[in-house]
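Structure record follows, encoded as structure tokens.
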There are 2 protein chains.
Amino acid sequence: MIRNLTEQDKEHLQEALIKSGQKVTPQREAVFTVLLAERDHPTVDEVFHRAREVMPGLSLATVYNCLETFVGCGLVRQVNHERESTRYCPNLAPHAHFRDKETGRVHDIELPPEVLKSLRSILPPGFDSEVIEISFHGRAQAKDHHSN
Amino acid sequence: MIRNLTEQDKEHLQEALIKSGQKVTPQREAVFTVLLAERDHPTVDEVFHRAREVMPGLSLATVYNCLETFVGCGLVRQVNHERESTRYCPNLAPHAHFRDKETGRVHDIELPPEVLKSLRSILPPGFDSEVIEISFHGRAQAKDHHSN
DNA sequence: GTGAGATTTCGAATCATTCTAAGTCACAAC
DNA sequence: GTTGTGACTTAGAATGATTCGAAATCTCAC
Ligand SMILES: [Mn+2]
Ligand SMILES: [Mn+2]
Ligand SMILES: [Zn+2]
Ligand SMILES: [Zn+2]
């Protein structure tokens, strides 16, 4: 289920952590591994339970800490939908999120550069945006449970 | 500070409530009045304190109830930014939100139909979205504190 | 005016997240 | 090799926005 990190992913993790003056720890590796294993935007609690299977002593606080660290060094994004638990996404390409009303599942939606550009263009002069979050909410036909 | 509702706004409120089988109450009128008075996307707590000035016995639970009712009958929208308290917006035109990193203020950003359309177009077949939320986060030059 | 149902109110409960403080660990300096 | 330092992890308590439960009050059709 939870495969190990590829060499490439391991380097990605190491580089990002070390570049921001932080250490590579077994807990961070385990949490990062969980995030990359499935692209289903897990909650903290879901990450916690998955990571525990491979590292039984891991604490919930540490999962919170790891995820915060990853967000801080740009390894993952937080995804919020209304008042639900925060979810985490390791997809660094620009994309929107679609939350399926029925299943609760969150899907990545590719965001072409020209659409991103047209979105930025609606900002009046003086508004300078660093982050844009786009989220859809509705029904998705369940064609493929591996889709993201 | 808090003006009374115009006849038009009052009718809007009555119509929406009655259409969905609910009653017009003094509390609901007070909360709605507060929402329309300033377009600054207040939190529940802010609505509560403003409405209290005009109706001292009003309870926080009722403010939660009223706002939930209004969202249910389409009179206002909820606005969420990350993990912060939910804010409320009476602007029913399609628009995006811009949260100013420095002031915390939330501004409405007009959303032209063609941009909305280009956004919808990124959804793959089978994805049917009822709600799209777009939020920007960054710095805005404070030209006009009345802007929304 | 009455009664049924909706609404309001207060306080308690929930629950995701953050905080605190103590225990571990990695590793550099001596 | 011991020791010191700072970063990291851990368990549990605290926080705070929101929701729930139950009793009191109001509203409106009859
Ligand atoms: Mn689906
Ligand atoms: Mn501003
Ligand atoms: Zn994603
Ligand atoms: Zn708005």
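A note on names: the letters A, B, ... follow the listed sequences, proteins ahead of strands, and every chain is numbered from 1.
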**Report entry** B:Gln27 side chain near D:dC26 phosphate (N/O to OP1/OP2, under 4.0 Å)
**Finding:** no
Query - Under-4.0 Å salt bridge between A:Asp40 and A:Arg50 - result: yes
Query - All side-chain contact (heavy atoms from CB on, under 4.5 Å) counterparts of B:Arg52, not counting sequence neighbours - result: B:Phe48
Report task. Can you tell me the distance, in whole Å, between the CZ atom of A:Arg52 and the C1' atom of D:dA11? Result -> 11 Å
Query raised in the report: Which residues pass the side-chain hydrogen bond (donor to acceptor under 3.5 Å, both in side chains) test with B:Thr25, sequence neighbours left out?
Result: none
Query raised in the report: Which nucleotide in the list C:dG5, D:dT9, C:dC10 gets nearest to the side chain of B:Ser59?
Result: C:dC10
Requested in this report: Whole angstrom is fine here: how far is it from CZ in A:Phe48 over to C1' in C:dC15?
Outcome: 15 Å
Report task. Apply side-chain contact (heavy atoms from CB on, under 4.5 Å) to A:Glu114 and list each qualifying residue two or more places apart in sequence or on a separate chain. Result -> A:Pro112
Requested in this report: Establish, with yes or no, whether the OP1 or OP2 oxygen of D:dT10 is under 4.0 angstrom from a side-chain nitrogen or oxygen of A:Thr62.
Outcome: yes
Report task. Using atom CD of B:Glu82 as one end and atom C1' of C:dA16 as the other, report the distance to the nearest whole Å. Result -> 15 Å
Report summary line: Ordered by number, residues from residues 7-22 of chain B within less than 4.0 Å of DNA chain D (heavy atoms) are none
Query raised in the report: What pairs meet the ring-ring contact (aromatic ring centres under 6.0 Å, His included) rule with one or both residues in residues 62-86 of chain B, with sequence neighbours excluded?
Result: B:Phe32-B:Phe70
**Report entry** Rounded interatomic separation in angstrom, taking CD from B:Glu29 and C1' from D:dC26
**Finding:** 14 Å
Report task. For A:His81 and C:dA16, give me the distance from atom NE2 to atom P, rounded to whole Å. Result -> 18 Å
Query raised in the report: How long is the line joining CG of A:Leu67 and P of D:dC8, in whole Å?
Result: 15 Å
Query raised in the report: Which part of the nucleic acid does B:Pro26 contact within heavy-atom distance under 4.0 Å: base, sugar-phosphate only, or nothing?
Result: sugar-phosphate
Query raised in the report: If you look only at pairs with a residue in residues 16-36 of chain B, which of them pass as a salt bridge (charged side-chain N to carboxylate O under 4.0 Å, His left out), with sequence neighbours excluded?
Result: B:Glu15-B:Lys19
Query - Distance, rounded to the nearest Å, where B:Arg28 contributes CZ and D:dC26 contributes C1' - result: 12 Å
Report task. Considering just the side-chain nitrogens and oxygens of A:Thr25, establish if one lies under 4.0 Å of OP1 or OP2 belonging to D:dT9. Result -> yes
Query raised in the report: Is there any salt bridge (charged side-chain N to carboxylate O under 4.0 Å, His left out) pair reaching into residues 70-82 of chain B, and which pairs are they, with sequence neighbours excluded?
Result: B:Glu82-B:Arg99
Report task. Going 5' to 3' through nucleotides 15-25 of chain D, assign each nucleotide B (protein heavy atom under 4.0 Å from a base atom), S (under 4.0 Å only from sugar-phosphate atoms) or - (no protein heavy atom that close). Result -> --SBB------
**Report entry** Interatomic distance where CG belongs to A:Asn65 and C1' belongs to C:dT17 [whole Å]
**Finding:** 11 Å
Query raised in the report: Are B:Val79 and B:Val47 joined in one hydrophobic group, where the rule is that I, L, V, M, F, W and Y side chains link up if heavy atoms are under 4.5 Å apart?
Result: no
**Report entry** Partner set under side-chain hydrogen bond (donor to acceptor under 3.5 Å, both in side chains) for B:Glu68, not counting sequence neighbours
**Finding:** none
